[in-house]
Amino acid sequence: METRVAVIGIILEKPDSVEKMNAVIHEYSEYIVGRMGIPYRQKGINIISIAVDAPQDIISAFSGKIGRIEGVTAKAAYSNYIFKE
């Protein structure tokens with residue numbers, strides 16, 4: 001199996017969407033290497049970055065599910081190196 005390391009950058013603009021977002025994150029928890037969240041109180045948003053190590057299609061699906069939640073924006077940045085397991 002080939003995996004890639006990626007970072008999924010998330011901007012959470014609607015606090016009502018936290019539960020849905022966390023449910024998706026939990027669904028992909030086996031691929032998560034680490035997570036960092038920064039509350040930006042002055043702007044009323046949260047900035048979250050999630051480091052993952054997974055097959056590219058899994059990363060894409062994960063990022064896509066997060067990005068389809070109302071009030072949430074997500075983008076993935078992939079490493080160029082492909083790991084073979």
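All residue numbers in this chain count up from 1 along the given sequence.
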Taking S60 for the side chain and D57 for the main chain, is one N or O donor matched with an acceptor at less than 3.5 Å? no
Using side-chain heavy atoms (C-beta onward) and a distance below 4.5 Å, is V52 in contact with V5? no
Pairwise side-chain contact, L12 with V18, heavy-atom cut-off 4.5 Å (strictly under): yes
Shortest non-hydrogen pair, A74 vs S63, comes out as CB-O, 3.8 Å
If only atom types and distance count, is the side chain of R4 paired as donor or acceptor with the main-chain N or O of Y78 below 3.5 Å? no
Do the side chains of P55 and M1 get nearer than 4.5 Å, heavy atoms only? yes
Transitive ILVMFWY side-chain link I11 to M21, under 4.5 Å: no
OG1 on T73 to CD1 on I47, rounded to 0.5 Å: 11.5 Å
At what distance, to the nearest 0.5 angstrom, does CG of D53 lie from CD of E30? 11.5 Å
Would you mind checking if K20 and E70 are paired as a salt bridge, meaning a charged N to carboxylate O distance below 4.0 Å? no
Honestly curious: do I25 and V72 fall in one hydrophobic cluster under the side-chain, below-4.5 Å linking rule? yes
State plainly whether one hydrophobic cluster holds both V7 and I10, where clusters connect Ile, Leu, Val, Met, Phe, Trp and Tyr through side-chain heavy atoms under 4.5 angstrom apart. no
Have a look at I66 and tell me which of I48, V24, I50 forms a side-chain contact (heavy atoms from CB on, under 4.5 Å) with it. V24
Out of curiosity, I32 CD1 to H26 NE2, how far, rounded to the nearest 0.5 Å? 10.0 Å
A side-chain contact here means heavy atoms from C-beta on lying under 4.5 Å apart; do K65 and E27 qualify? yes
How are the rings of Y81 and F83 set to each other: parallel, tilted or perpendicular (split at 30° and 60°)? perpendicular
Please name the pair of heavy atoms, one in I59 and one in A76, separated by the smallest distance, quoted to 0.1 Å. CG2-CB, 4.2 Å
Just wondering, do I58 and Y28 contact through their side chains at under 4.5 Å, heavy atoms? yes
Shortest non-hydrogen contact from P39 toward G37: CD-O, 3.9 Å
